[in-house]
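Below is one structure, written out as structure tokens; the observations come after it.
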Number of protein chains: 2
Amino acid sequence: MNSLAEENYLKALFTLSNDKGEVNVNELSKRLEIKMPTVTSMMKKLSAKNLVHYESYKPLRLTEKGKMEAAAILRKHRLTEMFLVEKMGFGWEEVHVIAEQVEHIQSPEFFEKMDELLGFPKLDPHGSPIPDKSGNIVWKEFSKLSECKAGDIIKLSAVSNTSSEFLKFLNSRELSLGIKVKIKSVEPFDKSMVVSYGKRTSETLSLTVCEKLLVEKV
Amino acid sequence: MNSLAEENYLKALFTLSNDKGEVNVNELSKRLEIKMPTVTSMMKKLSAKNLVHYESYKPLRLTEKGKMEAAAILRKHRLTEMFLVEKMGFGWEEVHVIAEQVEHIQSPEFFEKMDELLGFPKLDPHGSPIPDKSGNIVWKEFSKLSECKAGDIIKLSAVSNTSSEFLKFLNSRELSLGIKVKIKSVEPFDKSMVVSYGKRTSETLSLTVCEKLLVEKV
DNA sequence: ATACAAAGTTAGATTAGACTAACAAATTTA
DNA sequence: TAAATTTGTTAGTCTAATCTAACTTTGTAT
């Protein structure tokens, strides 16, 4: 069995690898807010447990076993987020911090039950895919809103940041997953966008925001 | 904030004090399956945090602050058990081990939500009282089945042991909370009881079992 | 009342997971 | 390519929570 600390390293390594392919010690250190020497020593430990391929000065890679275990944790995290929103009435901006704790619970039955009660969801409340029991993840092809152009009509499908600050901002603008958004214009100077959706016919979104909104063409 | 280990000591001390009034190091050590010197040193630490009154060679007592914090953990444990049974479809024999983990989650909102969804229950699935938000516990007056006599008709109201082995045994005999039971006879030799309830007109229950069944006269 | 057993404490070791300081390797820049 | 910067490792320290061994105090029983 892996410790809580080990689980956090595995999950961080897994999510960073998915964004970036390779991960180095420095990046992992920053993500976890743990100093590099500590990360190095944990990598040696996880390497001894066959969860990480570790060689001095080389980028870090999860082993197949490491990927499976990391995916299992991510699965628990995302099922929990979905359960909190769908079955307990939490807002999508509240669930991340709670799920960070619940994901470490050791009880396959607990998460099985969530999965069943939710009807075996494929996505979490932020539009991220929930790994299946074998650790497979079905990635949907999303683009960043920031990469779209004036005139495009798109559907808001996922967010790439789940901080409560960002999600509260989206709430305040009535931006939620599934809504259709039309890009009215793109400001060349700062890449901010003027968009229209629902009852809001002219909202301005900064580049910082647009980069975190994942969309599908419609 | 208290660590996971500290929380476990507080909860154990609290539940032992409720049964017995006073608790000594040896009892706490046995309950937690942690050696006495470790318990002693933790008591000093909790004493420094004003959670326990500790003096060498004297029995252990929680401070008011310690009682509050312990009751809060017990509240989270029992709300969780109730939620698992009522909202997630678990059997009463499955929930204790899961709740042992969930009780440590730091999120008042999470347990508030459970409480609301459950309609502010007063008892958990084993008939134990759920402490209120101020840490008060309303104890109902139960007797042990083993202290009843032939001819008594009683209602099964709680169990004083929540191990899955015991609860599975009760399941196998169709014994659940709320049922009416008639005591047909008590065997003088071993204090076993022959009882009748539901469709079962002649079940024998050992003293060991009868001592763990808490009942109300009807 | 003394001796024995049980309970409790002290001292010191161990492990996991974090840190800082100092050094080494790799990469970037002038 | 040499110097400077960034990245990574080694060595050693610290804290929390556990343990064992040895000793002390308290309570019990002859």
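Keep in mind it's a predicted model, so treat the numbers as computed, not measured.
Asn24(A) has its CG atom 10 Å from the P atom of dT9(D), to the nearest Å. Between the P atom of dA18(C) and the CD atom of Glu6(A) lies a distance of 10 Å, rounded to the nearest Å. For the pair Asn26(A) CG and dT27(C) C1', the interatomic distance rounds to 13 Å; values are reported in whole Å. Computed from coordinates, the Glu7(A) CD to dA16(C) P distance equals 16 Å when rounded to whole Å. In this structure, NZ of Lys35(A) is placed 17 Å from C1' of dT15(D), rounded to the nearest angstrom. As rounded to whole Å, 15 Å separates atom C1' of dT9(C) from atom CG of Leu28(B). Between the C1' atom of dC19(C) and the CE atom of Met42(A) lies a distance of 14 Å, rounded to the nearest Å. One interatomic measurement links the two molecules: CE of Met36(B) to C1' of dA7(C), which rounds to 5 Å at whole-angstrom precision.
The side chain of Thr40(A) places an N or O atom within less than 4.0 Å of a non-bridging phosphate oxygen (OP1 or OP2) of dT9(D). Residue Lys44(A) has a polar side-chain atom (N or O) positioned under 4.0 Å from OP1 or OP2 of dT10(D).
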Checklist entry - Hey, mind stepping through Ser192(B) and Glu187(B) against side-chain hydrogen bond (donor to acceptor under 3.5 Å, both in side chains) and telling me if it holds? => result CA-CA 5 Å; Ser192(B) 67; Glu187(B) 174 60 47; 5.5 Å; no
Next on the checklist: Test side-chain contact (heavy atoms from CB on, under 4.5 Å) on Lys217(A) and Asp152(A); report intermediate values, then the result.
Outcome noted: CA-CA 8 Å; Lys217(A) 301 274 155 63; Asp152(A) 286 357; 3.8 Å; yes
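Nearest-nucleotide assignment on DNA chain C puts the 5′-proximal partner with Lys30(B), out of Lys30(B) and Glu33(A).
Arg61(B) CZ: 12 or fewer foreign heavy atoms inside a 6.0 Å radius.
When the nucleotides dT18(D), dT9(D), dA18(C) are ranked by their closest atom to the side chain of Tyr9(A), dA18(C) comes out on top. In this structure, the nucleotide among dT9(C), dT18(D), dA21(C) sitting nearest to the side chain of Ser56(B) is dT9(C). The listed nucleotides are dG8(C), dA21(D), dA21(C); the one nearest the side chain of Pro37(B) is dA21(D). Among the nucleotides dA21(C), dC19(D), dG8(C), the one closest to any side-chain atom of Ile34(B) is dC19(D).
Heavy atoms of Thr38(B) sit under 4.0 angstrom from at least one base atom. Base contact: Ser41(B) has a heavy atom under 4.0 Å from a base atom.
For the pair Lys113(A) and Phe90(B), the distance from NZ or CZ to the six-membered ring centre is under 6.0 Å and the angle to the ring normal is within 45 degrees.
Using bins of under 30°, 30° to 60° and over 60° for the plane-to-plane angle, the ring pair Trp92(B)/His126(B) lands in the parallel bin.
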